[in-house]
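All chains are named by letter (A, B, ...) in the order of the sequence lines, taking the proteins before the strands, and each is independently numbered beginning at 1. Values reported hereafter were calculated over all heavy atoms of this structure, with side chains retained and with hydrogens, waters and symmetry mates removed. Computed from a prediction, not measured in an experiment: that's the story for all the values here.
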There are 2 protein chains.
Amino acid sequence: MDPTIKDVAKKANVSIATVSRILNDKPGFSVKTKTKVLRVIEELGYQPNAIARGLVSKRTHTIGVLMPTLLDMFAARILNGIDDYAHELGSSVIVCNTDNNGQRTLKYLRVLAEKRVDGIIFVSEYLKDEYYKVMSDMKVPIVLVSTMSPDYPVPFVKVDDELASFAATEYLLKQGHRRIAMIAGSPEDPIAGVPRIKGYRAALNAEGDEEAKELIVSTQDFSYESGMMAMEKIVDHPLKVTAVFASSDELAVGAMSYANKRGIRIPEDLSIIGYDNTRLAQMSTPPLTAVGQPLYEMGNKSAEMLFSMMNTGETAESCLMPYTIEERETVTRI
Amino acid sequence: MDPTIKDVAKKANVSIATVSRILNDKPGFSVKTKTKVLRVIEELGYQPNAIARGLVSKRTHTIGVLMPTLLDMFAARILNGIDDYAHELGSSVIVCNTDNNGQRTLKYLRVLAEKRVDGIIFVSEYLKDEYYKVMSDMKVPIVLVSTMSPDYPVPFVKVDDELASFAATEYLLKQGHRRIAMIAGSPEDPIAGVPRIKGYRAALNAEGDEEAKELIVSTQDFSYESGMMAMEKIVDHPLKVTAVFASSDELAVGAMSYANKRGIRIPEDLSIIGYDNTRLAQMSTPPLTAVGQPLYEMGNKSAEMLFSMMNTGETAESCLMPYTIEERETVTRI
DNA sequence: CTGAAAGCGCTAACAA
DNA sequence: TTGTTAGCGCTTTCAG
């Protein structure tokens, strides 16, 4: 067994209470005993047991993060932002890859409950009733990232998708495009689907006058493969589109890839704008113009909110983050 | 406070020991009391406290994963493999983004030690003496992924980089290339640098006869940006290279991107082969031919080894995983 | 400034 | 089959 606080106390000829005070820097010890105890700790290589500590203090210094996938740059970047903030404050993060699967999510939540995490960050997924139920039973702070809940009082941090989507479409319109298709995710998706479609339509209609016609292709997810499939439909559609607004970078890159296969040049023959502005947007050929979400900052901010809730007990203010339009080389003026 | 085992015991008119037995399915209770207790648990919404449990059982059902970055597909995929396996067995994983920073790594290790994790998976980084020292003090199993230690008895799972690198180069040679450059990572990197360079050289020399000349461009990391910079050097080099072997997919894509900028067509003017076979390889234009590492399986396997070590107490056998060559569209025969 | 002692919620002998 | 009890390693009153 590794040494416990008792061993330290004994060897230093003090009580365990004193050692505990020194460890936690609580008032009630002299400099002299402090140095003595510190030396013993050093000698013994003593390491406080966070488990025991957690049992009495009811604070585990661990938070749980639930996300539908670990596999895209989007998730990675957010996680990165959370992780940095949490570790800065001496907390650890347990990742849970829900795989968009209800059973799995519920199982993870139960584990997190048993582990008595101090808080939960829930990313990119719709907060179902059943999830919220078990989460609220845990009585720990929750914050949502890149999603929100119309039904429950859970603070979120995200960008205004409708606005950002509007801006993306408007950007295309300003470049002279009129026949603009959207690769949209699912219209059943209340978070990443509906609002973006709404923004797209609003921009199209805002132009008022003309023939600006819509073409929306829904996809099951936001992957490269879905982007390719969607593009096939767009290319073969009678409406000869000059620009495409894709709901994620992967979707956009998939679309570009399919276009390329069909001999369609980007941006000469067709303009494309993506969404998220992940590293992938920088790495594509040509580099992808995209609506940018400050993913790292969102992760960071969510952690900040979570910790503030843990400390104050008050619900944090939700936070709408600014989007940007990162102009690169896939959109041309016509 | 949420209900404890005591509350359950009282309400069910049994002792806490009985409840504990039922919870852990240890012999010593009748079906009758079991159903009764289970019902009470249900009614109370009781959830066992893993912290208290861990304090006595000395098992936290939590493992720590250390990786230099969360931000590339490489790390994501491995983490995914680990996470799936761990959660399958009811354990959680704490991620630690070391950022390739010694101080930070050491800090994380200390936290993991205090949290009494059951084991550690260390990914992609050189196992420094100082790391090993604190890890071995923790007296928990460790396994290495995509790295290895010549000095310490720590099992690893990785592919044979030298062999894979040899194969990649040989593949290029077989396609008729003779002037093959390598974008190599750092020659100081004993894990991802040295062996791959060695394999590359060996293949070049194996051809025996001819003018097969080497051109190695080192990079600081394995990023897209480094790939671009390396490619600039290669293009401007007097040795007119016909093929490039890059030590990572990102490096390869960066190289392609730079080539593209200079009007060099892939693969007509120049062939490129990458390393890792992440999703990025599939998504690049044109799709990248690459040496494939079974990243998900490596993550999975490492977790399997770790858990087996935790259970048996014996050191697991290291494991060399098979590489593949994924032929796509960036290499042409000349 | 310091120590004794009572738990935190649970598991694991040991009795009954 | 069941209950009693002694910890696990720590924090936190409460007395000195």
Give one of base, sugar-phosphate or nothing for A/Pro27, where a contact means two heavy atoms less than 4.0 Å apart.
nothing

Separation of C/dA12 P from B/Arg53 CZ (nearest whole Å):
10 Å

Can you tell me which nucleotide in C/dG3, D/dT2, C/dG7 comes closest to the side chain of A/Thr18?
C/dG3

When you get a sec, tell me which of C/dC8, D/dC8, C/dC10 is the closest nucleotide to the side chain of B/Tyr46?
C/dC10

Residue-phosphate contact under 4.0 Å: B/Asn49 side-chain N/O, C/dC8 OP1/OP2:
no

Which value, rounded to the nearest 0.5 Å, describes the distance between B/Gln293 atom CD and B/Phe74 atom CZ?
5.0 Å

Lys/Arg-Asp/Glu bridge criterion (N-O < 4.0 Å) met for A/Asp84, B/Arg104:
yes

Taking 4.0 angstrom as the limit, do A/Lys128 and A/Asp151 come out as a salt bridge?
no

Find out whether A/Val95 and A/Tyr108 are in side-chain contact, i.e. whether some heavy atom of one side chain is under 4.5 Å from a heavy atom of the other.
no

When you measure from the side-chain N and O atoms of A/Ser20 to the phosphate of D/dT11, is any distance below 4.0 Å, counting only OP1 and OP2?
yes

Does C/dC1 have OP1 or OP2 under 4.0 Å away from a side-chain N or O of A/Lys32?
no

Counting only side-chain nitrogens and oxygens, does A/Ser15 get under 4.0 Å of the OP1 or OP2 atom of C/dA4?
no

Let me know the distance between CG of A/Asp7 and C1' of D/dC10, rounded to the nearest Å.
13 Å

Counting just side-chain N and O atoms, does B/Lys58 come under 4.0 Å of either OP1 or OP2 of D/dG9?
yes

Starting from the 5' end of DNA chain D, give me the residue, B/Val31 or A/Val56, whose nearest nucleotide shows up first.
B/Val31

A/Lys6 vs D/dC8: side-chain N/O to OP1/OP2 distance below 4.0 Å:
yes

Looking just at side-chain N and O atoms, do B/Asn80 and A/Asn97 make a donor-acceptor pair shorter than 3.5 Å?
yes

OP1 or OP2 of C/dG9 less than 4.0 angstrom from a side-chain nitrogen or oxygen of B/Thr4, does that happen here?
no

Which part of the nucleic acid, if any, lies within reach of B/Ser57 when heavy atoms closer than 4.0 Å are counted: base, sugar-phosphate only, or nothing?
nothing

Give a yes/no answer on whether the side chain of B/Lys26 brings an N or O atom under 4.0 Å of OP1 or OP2 in C/dA12.
yes

With a 4.0 Å cutoff (strictly under), does any side-chain N or O of A/Thr33 reach OP1 or OP2 of C/dC1?
no

Would you classify B/Asp2 as touching base, sugar-phosphate or nothing, given that sugar-phosphate means primed atoms plus P, OP1 and OP2, and contacts are heavy atoms under 4.0 Å?
nothing

What's the closest nucleotide to the B/Ala17 side chain, out of D/dT2, D/dT4, C/dT11?
D/dT4

Quickly work out the A/Lys36 NZ to C/dT2 P distance and round it to whole Å.
8 Å

Is it true that A/Asp129 and A/Lys133 make a salt bridge, defined as a side-chain N closer than 4.0 Å to a carboxylate O?
no

For A/Ser30 and for A/Arg116, locate the closest nucleotide of DNA chain C by heavy-atom distance; then report the residue assigned to the nucleotide nearer the 5' terminus.
A/Ser30

Measure the distance from CD1 on A/Ile22 to C1' on C/dT2 and round it to the nearest whole Å.
10 Å

Send over the distance from B/Lys10 NZ to D/dT2 P, rounded to a whole Å.
20 Å

Could you tell me how far apart B/Ile5 (CD1) and C/dC8 (P) are, to the nearest whole angstrom?
14 Å

Return the orientation label for the A/Tyr132 and A/Tyr152 ring planes: parallel under 30°, perpendicular over 60°, tilted otherwise.
parallel

Measure the distance from CG on B/Asn13 to C1' on D/dT1 and round it to the nearest whole Å.
16 Å

Any idea which of C/dC14, D/dT11, D/dG9 is nearest the A/Asn24 side chain?
D/dT11

B/Phe29 atom CZ is separated from D/dT2 atom P, nearest whole Å, by 9 Å

Mind checking if B/Ile16 touches a base, just sugar-phosphate, or nothing, with heavy atoms under 4.0 Å?
base

